Amino acid sequence: MFPGAHLTSATPLQPQTRIFRDACAGCHGDPSATSDYGASFYPHVPQFAVTSPRKPDWQLFWIVRNGVRYSGMSAWDGQWHNDKAESDDHIWKVVTFLSRLDSLPPAVNAEWHKKSQP
């Protein structure tokens, strides 16, 4: 089953934005800045605020869940409270957000471009 299939264009994306900022932006950057840390890896970590991912949702899910061998992208399977179901839910939320970066609703786009608070 494709867990992301239940998501619609009306699905609120603010929670996904927060998950990305908390778990991904350290390496993948955000609109306020690219990640110097992510740039230090080889291969370089994609900066999604600069270039949105162009992979299907299922493939993004697989990459986030399983990681990428011989790179800095670790597997996020079971990372949230050591709970695979909760981790899969968070991963699908991030994938949903990433796959819609080029067409975010105005309110979500404003949230995405808001400066993160230290």
Side-chain angles (χ1 to χ4, degrees):
M1 184 173 121
F2 175 61
H6 70 281
L7 300 168
T8 67
S9 60
T11 302
L13 290 170
Q14 272 90 355
Q16 288 87 325
T17 306
R18 279 186 235 110
I19 293 169
F20 181 88
R21 283 195 194 282
D22 292 346
C24 311
C27 291
H28 293 283
D30 65 26
S32 65
T34 57
S35 170
D36 291 337
Y37 180 67
S40 70
F41 286 91
Y42 184 81
H44 294 293
V45 177
Q47 300 299 298
F48 293 132
V50 176
T51 305
S52 301
R54 302 282 183 241
K55 300 191 181 317
D57 287 0
W58 67 266
Q59 191 173 14
L60 289 172
F61 177 84
W62 193 94
I63 290 168
V64 175
R65 188 172 201 235
N66 298 297
V68 179
R69 186 184 293 194
Y70 306 121
S71 78
M73 180 64 197
S74 62
W76 283 84
D77 184 28
Q79 290 297 312
W80 282 277
H81 308 290
N82 204 26
D83 180 334
K84 286 184 183 273
E86 185 174 353
S87 290
D88 282 357
D89 181 59
H90 279 68
I91 293 167
W92 276 118
K93 286 177 179 176
V94 168
V95 166
T96 301
F97 172 71
L98 288 173
S99 66
R100 288 157 180 78
L101 270 178
D102 291 335
S103 60
L104 294 172
V108 178
N109 197 45
E111 171 87 13
W112 170 235
H113 285 88
K114 184 171 65 175
K115 283 250 191 221
S116 51
Q117 302 299 317

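All residue numbers refer to positions in the sequence shown, counting from 1. This structure is a prediction, so every number in the text was calculated from the model and none was measured.
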Q: Name all residues meeting the salt bridge (charged side-chain N to carboxylate O under 4.0 Å, His left out) criterion together with D102; count only those two or more places apart in sequence or in a different chain, and write none if there are none.
A: R54
Q. Is the backbone of P105 close enough, under 3.5 Å, to the side chain of N109 for a donor and an acceptor to pair up by distance?
A. no
Q.
Rounded to the nearest 0.5 Å, what separates atom OG1 in T96 from atom CD1 in I91?
A. 11.5 Å
Q: Please name the pair of heavy atoms, one in A49 and one in W112, separated by the smallest distance, quoted to 0.1 Å.
A: CB-CZ2, 3.9 Å
Q | Minimum heavy-atom distance between P53 and F48, given as atom pair plus value | A | CD-CD2, 3.5 Å
(Q) To the nearest 0.5 Å, what is the distance between OG on S99 and CH2 on W92? (A) 9.0 Å
Q: Taking only Lys NZ, Arg NE, NH1 and NH2, and the carboxylate oxygens of Asp or Glu, determine whether D22 and R18 approach each other closer than 4.0 Å.
A: no
Q. How close do M73 and I63 get, heavy atom to heavy atom, and via which atoms?
A. CE-O, 4.1 Å
Q. What's the verdict on side-chain contact (heavy atoms from CB on, under 4.5 Å) for R100 and D57, showing C-alpha distance, side-chain angles and the deciding distance?
A. CA-CA 10 Å; R100 288 157 180 78; D57 287 0; 4.0 Å; yes
Q) Of the options T17, L98, I19, D88, which is the one that meets K93 in a side chain to side chain contact (heavy atoms under 4.5 Å, CB included)? A) I19
Q. Does Q16 use its side chain to pair, donor to acceptor, with the backbone of V95 at less than 3.5 Å?
A. no
Q. Okay, side chain of H28, backbone of P46: is any donor-acceptor separation there less than 3.5 Å?
A. yes
Q | Distance-minimising heavy-atom pair for P31 and H113 | A | CB-CD2, 3.4 Å
(Q) Side-chain heavy atoms under 4.5 Å apart, restricted to Ile/Leu/Val/Met/Phe/Trp/Tyr: what other residues fall into the cluster of V45, or is it alone? (A) Y37, F41
Q | Residue pair S35 / G29: nearest heavy atoms and the distance that separates them | A | CB-N, 3.8 Å
Q: Give, for atom OG of S52 and atom CG of L104, the distance between the pair rounded to the nearest 0.5 Å.
A: 8.0 Å
